[in-house]
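Here is how names work: the chains are called A, B, and so on, in the same order as the sequence lines, proteins then strands, and each is numbered from 1.
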Protein chains: 2
Amino acid sequence: MSVSVINYHGAMSRWPSNPRGRLQEAAMELFAEHGYDQTTVAGIAERAGLTERTFFRHFSDKREVLFSGGEELRAMMVEALTSAPPEATPLGAVEAALSAVTAFFDERHPMSRARQVIIDAHSELQERECAKMGKIAEALAEALRARGVPDPDARLTADAGIAVFRSAFAQWVRSDVGDMRTCIEECFAALEKVIAQGR
Amino acid sequence: MSVSVINYHGAMSRWPSNPRGRLQEAAMELFAEHGYDQTTVAGIAERAGLTERTFFRHFSDKREVLFSGGEELRAMMVEALTSAPPEATPLGAVEAALSAVTAFFDERHPMSRARQVIIDAHSELQERECAKMGKIAEALAEALRARGVPDPDARLTADAGIAVFRSAFAQWVRSDVGDMRTCIEECFAALEKVIAQGR
DNA sequence: GCCTGTGATGACAGAGACTGACATCAGTCA
DNA sequence: TGACTGATGTCAGTCTCTGTCATCACAGGC
């Protein structure tokens, strides 16, 4: 293979710059065109002008190419929860964490929708998404514990927040307006309502 | 290979009876002895007196050998939710679903603990467990919709129930008494408390 | 301008998960 | 007795993922 492109140093190089991004782009395209399991890692790498081995240096496995943004999201939420005012209730702190990422989503509405279509079509990918949400919930619970909220309250509040997030995201990704903040507010209110109704 | 055992018809057979159970047992043993990723499917099959190919006829993948009980659990919960009195609140119906499986767990405390040790040691398995919980949540949400609860309430109530279940299970599996009903009741109360505290 | 890392990549081999196709065997039923 | 069925074995093959080593571009010191 012999490719010549301007790399991130502005110099000529045999290798294209931003290999991660190129791999993600190639993967999205191929998953959308032929489906997740009809796409091989070798095929993704080839379209990105790289090799299979290099793919696995950038992503721990085939699914991860669709999910590597998750760490950033988690970090934003944990940061917001941690820096919420000390007098905030556990649920208030979780609300702050959710509010902190609304802009992140609103900026990515079309991409999120395309990505969700792919995920919805393959249970392997749904599994990974579920796991990512679980990791975020665990991180939020840990951040609540650091604020002095004991278990099981910390875990329950974090899980409730993630439940709100999931419902809000489902609503947001289907809608055309793409206002994540409103979706979150509505789902928060709905959760409070169904709990207040009692059992 | 030539094995002679009394099969489930009471007759002599070349094949041991209950191949599924034998595979599950062999897998639990090997996972506990050598760890999940140090154990090969061929190794599990060999200990069960079967072949790798037969393993994959009984379980869709390597992880599933630890999780095939999940469908039973889901069915019990959906059944209980569906047959809850029509006047029950959404949260009340979900509580009925959780109550319906407490005995199931109390009967399996030592086995659940051994299984959890294995799962906690491997993120691949945690991912599958998370996905199974997600499937149950989806099934409960669907059962709530069938009772006339619209989204996002149905989804949120189901997710809240699963959050309670997860916290309760974590508490139960660590405790020595093994009273799942009490754990669920406590976590339910804790959830209601943190939500009532407001944001 | 040369020399020497250092980091990213390619090339290659191999283990292990999983699938498809076909053969075999035990039990069943006509 | 013979055909049928269901569960299994056998074998070949694809794909995911890993370890190892060679190569190349770039950076920094001399």
Could you tell me how far apart [X] ([atom1]) and [N] ([atom2]) are, to the nearest whole angstrom?
| X | N | atom1 | atom2 | answer |
| --- | --- | --- | --- | --- |
| A:Arg63 | D:dC15 | CZ | P | 18 Å |
| A:Tyr36 | C:dC18 | OH | P | 12 Å |
| B:Phe56 | C:dA21 | CZ | C1' | 17 Å |
| A:His58 | D:dT18 | NE2 | P | 15 Å |
| B:Glu124 | C:dA17 | CD | C1' | 10 Å |
| B:Asp61 | D:dC15 | CG | P | 19 Å |
| A:Leu30 | D:dC15 | CG | C1' | 16 Å |
| A:Phe55 | C:dA8 | CZ | P | 17 Å |

Give the intermediate values and the outcome of side-chain contact (heavy atoms from CB on, under 4.5 Å) for residues B:Arg128 and B:Asp61.
-> CA-CA 11 Å; B:Arg128 175 60 51 88; B:Asp61 60 38; 2.8 Å; yes

Phosphate OP1/OP2 of D:dG9: any B:Thr54 side-chain N/O under 4.0 Å |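 Yes, because at least one side-chain N or O of B:Thr54 sits under 4.0 Å from OP1 or OP2 of D:dG9.
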
Got a donor-acceptor pair under 3.5 Å from the side chain of B:Arg57 to the base of D:dG6?
->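 Looking at the base of D:dG6, it does not pair with any donor or acceptor on the side chain of B:Arg57 (distance under 3.5 Å).
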
Is the B:Phe59 to B:Phe67 ring centre distance short of 6.0 Å?
->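 No, too far apart.
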
Looking at C:dT9, D:dC17, C:dA17, which one has an atom nearest to any side-chain atom of B:Lys62?
->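 The nucleotide sitting nearest to the side chain is C:dA17.
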
Look at the side chain of B:Glu52 and decide which nucleotide, out of C:dC18, C:dC12, C:dG16, has an atom nearest to it.
->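 Nearest listed nucleotide: C:dC18.
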
A:Thr39 vs A:Arg53, nearer the 5' end of DNA chain D by closest nucleotide |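 Final value for this comparison: A:Thr39.
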
Enclosure of A:Arg181 CZ (heavy-atom neighbours >12, cutoff 6.0 Å) |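 Result for CZ/A:Arg181: open.
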
Checking salt bridge (charged side-chain N to carboxylate O under 4.0 Å, His left out) for the pair A:Glu29/A:Arg22: CA distance, chi angles, key distance, verdict?
-> CA-CA 11 Å; A:Glu29 289 169 12; A:Arg22 291 173 62 89; over 6 Å; no

